[in-house]
Number of protein chains: 2
Amino acid sequence: MSRGVEWAVHCCLDLAWAGNGEAVPVSRLAAFYDLPVAYLNKQVQALVRAGIASSVSGPRGGFRLARRPERISLLDVVTAIEGTEPAFRCAEIRQQGPFGGTPESVTGPCLVDQAMRRAELAWRRELAAQTLAGLAEAVERAAPDVPDRARRWFDSHT
Amino acid sequence: MSRGVEWAVHCCLDLAWAGNGEAVPVSRLAAFYDLPVAYLNKQVQALVRAGIASSVSGPRGGFRLARRPERISLLDVVTAIEGTEPAFRCAEIRQQGPFGGTPESVTGPCLVDQAMRRAELAWRRELAAQTLAGLAEAVERAAPDVPDRARRWFDSHT
DNA sequence: GGAGAACTACTCGGATAACCAGTGTCCGAGTTGTAAGGG
DNA sequence: CCCTTACAACTCGGACACTGGTTATCCGAGTAGTTCTCC
């Protein structure tokens with residue numbers, strides 16, 4: 001899985017905390033985690049294309065969340081970065097080779113593919129159950145000062 | 001996900017059907033699905049390294065399943081090809097940047113990582129629940145003649 | 001005719017290149033705040 | 001003093017190189033069956 005997924009999730013959390021109406025430029029986010037600025041920009045652009053974040057150009061510009069954190073699931077973020085295609089893509093090799101041409105061999109869908117899709121569906125279901133708000137709440141419960149410190153840091157470095 | 005996973009699962013099914021004590025050479029398997037021989041060999045070798053299949057060299061040699069199909073799960077096959085490392089690997093970026101050095105910031109494990117691991121665990125659980133025997137049975141139920149035809153084809157092309 | 005040895009063909013196994021997606025970087029388009037200049 | 005206008009700085013956005021991993025291929029090590037030779 002792409003490295004940008006971790007970046008995107010953490011940045012979304014920071015946007016949820018620091019974004020009190022203010023847009024956060026990607027340079028700030030990159031400085032906060034010591035990440036390459038331009039590449040992180042690329043990832044956040046993917047969030048914009050997916051409708052998770054919105055962008056503002058020019059001075060005082062930056063990114064902010066397009067929806068409330070309660071309405072953004074981890075699955076949304078992951079699919080925004082990784083794309084919607086399933087990790088396992090059935091190439092229907094059972095239809096190749098000497099038995100491939102016969103129409104009698106294609107009775108119903110490929111069960112191997114089905115089993116894989118079922119597993120991947122469970123993965124997606126688990127990701128969809130977790131929202132950004134829920135994750136943020138869990139972090140606040142575990143370390144109550146982290147969000148405040150982050151917010152203050154983002155506000156101070158104007 | 002690697003393309004070889006699909007090949008491995010299908011080949012394991014064929015080994016379970018065609019392997020009545022006889023070892024099946026990889027050239028036979030490759031011909032059955034019209035796949036590149038040497039590369040498929042590489043994948044099946046991974047199955048051997050994982051203890052799923054066993055190999056016999058020389059004439060009348062080939063591969064066979066090392067355990068009964070009831071004892072081989074889809075997760076076994078997938079991890080044999082893809083490796084045991086999780087798809088999402090937490091790089092702990094929360095510990096980088098200006099806040100990284102402070103020891104107070106590392107309160108407990110990374111919750112983002114935890115959420116991702118939970119999802120991946122659900123995926124693994126679903127894969128582990130499906131055995132090769134169960135999958136083979138499902139195929140027989142959907143298309144009762146497929147296993148027999150496969151067995152006959154593998155036996156005929158000595 | 002039978003036993004032994006050399007040979008041949010066949011298989012796996014790992015070492016070796018080609019290709020592609022992910023990774024990283026750069027510069028241009030657009031926008032906003034600012035400052036200068038004139039009325 | 002106030003309005004207009006040009007400027008400058010800052011941000012996103014997409015286009016351009018680089019790199020590790022998957023994909024693909026080849027040749028060597030080892031083994032079983034076969035055949036030839038000798039007793």
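The chains referred to below are lettered A, B, ... by the order of the sequence lines, with proteins before strands, and numbering in each begins at 1.
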Using whole Å, report how far [atom1] of [X] lies from [atom2] of [N].
| X | N | atom1 | atom2 | value |
| --- | --- | --- | --- | --- |
| B/Arg28 | C/dT11 | CZ | P | 7 Å |
| B/Leu40 | D/dT25 | CG | C1' | 14 Å |
| A/Asn41 | C/dT23 | CG | C1' | 14 Å |
| A/Leu35 | C/dG24 | CG | P | 9 Å |
| B/Leu15 | C/dC12 | CG | C1' | 14 Å |
| A/Tyr33 | C/dG24 | OH | P | 17 Å |

- Message: I'd like to know if A/Arg89 and A/Glu85 make a salt bridge, using a cut-off of under 4.0 Å between side-chain N and carboxylate O.
- Response: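 Salt bridge absent between A/Arg89 and A/Glu85.
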- Salt-bridge criterion met for B/Arg151 and B/Asp148 (N-O under 4.0 Å):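 Salt bridge between B/Arg151 and B/Asp148, a charged N being under 4.0 Å from a carboxylate O: yes.
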- Query: Across the strands shown, which category fits B/Val44 at heavy-atom distances under 4.0 angstrom: base, sugar-phosphate, nothing?
  - Reply: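 No contact.
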Atom pairs and distances, donor-acceptor, side-chain atoms in residues 68-81 of chain A, under 3.5 Å, two or more places apart:
| unit_1 | atom_1 | unit_2 | atom_2 | d |
| --- | --- | --- | --- | --- |
| A/Arg68 | NE | A/Glu70 | OE1 | 3.4 |
| A/Ser73 | OG | A/Leu75 | N | 3.4 |
| A/Ser73 | OG | A/Asp76 | N | 3.2 |
| A/Ser73 | OG | A/Asp76 | OD2 | 3.1 |
| A/Asp76 | OD2 | A/Arg67 | NH2 | 3.4 |
| A/Asp76 | OD2 | A/Ser73 | N | 3.0 |
| A/Thr79 | OG1 | A/Leu75 | O | 2.8 |
| A/Thr79 | OG1 | A/Asp76 | O | 3.1 |

- Task: Just jot down the side chain to side chain contact (heavy atoms under 4.5 Å, CB included) partners of B/Ala129, sequence neighbours excluded, or say none.
- Result: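 Testing B/Ala129 for side chain to side chain contact (heavy atoms under 4.5 Å, CB included), a comparison that skips the adjacent residues, returns none.
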- Sequence neighbours left out, what passes ring-ring contact (aromatic ring centres under 6.0 Å, His included) with B/Phe88? Give chain and number order.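 None.
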- Pair B/Trp7 + B/Tyr39: ring centers closer than 6.0 Å: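 Yes, the ring centres sit under 6.0 Å apart.
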- Relative to the 5' end of DNA chain C, which residue comes earlier, B/Gly62 or A/Ala38, by the nucleotide with the nearest heavy atom?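 The answer here is B/Gly62.
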- Item | Positive for ring pair (Phe, Tyr, Trp, His ring centres under 6.0 Å) with A/His10, one of A/Tyr33, A/Trp17, A/Phe32 |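 Only one of A/Tyr33, A/Trp17, A/Phe32 forms a ring pair (Phe, Tyr, Trp, His ring centres under 6.0 Å) with A/His10, namely A/Tyr33.
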- Query: Reading nucleotides 19-24 of chain D from the 5' end, what letters show protein touch, with B for base, S for backbone sugar-phosphate only, - for no heavy atom under 4.0 Å?
  - Reply: ----BB
- Query: C/dA9, D/dA9, C/dC12: which one has an atom nearest the side-chain heavy atoms of B/Pro59?
  - Reply: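 Selected nucleotide (nearest to the side chain): C/dA9.
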- Of the nucleotides D/dC12, C/dT11, C/dG33, which one has an atom closest to the side chain of A/Arg60?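 It is C/dG33.
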- Can you list the steps and then say if B/Arg64 with B/Glu22 is a salt bridge (charged side-chain N to carboxylate O under 4.0 Å, His left out)? CA-CA 7 Å; B/Arg64 68 190 71 183; B/Glu22 291 288 308; over 6 Å; no
Under 3.5 Å, which N/O atoms of the protein pair with N/O atoms of nucleotides 4-6 of chain D?
none

- Query: Hey, mind stepping through B/Asp113 and B/Arg117 against salt bridge (charged side-chain N to carboxylate O under 4.0 Å, His left out) and telling me if it holds?
  - Reply: CA-CA 6 Å; B/Asp113 184 37; B/Arg117 291 172 89 95; 3.7 Å; yes
- Message: Would you compute the distance between atom CZ of A/Arg94 and atom CG of B/Leu13 and round it to the nearest 0.5 angstrom?
- Response: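 Output value for this atom pair is 12.0 Å.
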- Task: Say whether B/Val56 and B/Leu40 are linked into one hydrophobic cluster, either directly or through other cluster members, by side-chain heavy-atom distances under 4.5 angstrom.
- Result: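 No.
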- Which ones in residues 47-58 of chain B lie close to DNA chain C, meaning a heavy atom under 4.0 Å from one of its atoms?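 Heavy-atom contacts with DNA chain C come from B/Arg49, B/Ser55, B/Val56, B/Ser57, B/Gly58.
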- Query: For B/Gln45 and C/dG14, is the shortest distance between a side-chain N/O and OP1 or OP2 below 4.0 Å?
  - Reply: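 Yes, B/Gln45 has a side-chain N/O under 4.0 Å of OP1/OP2 on C/dG14.
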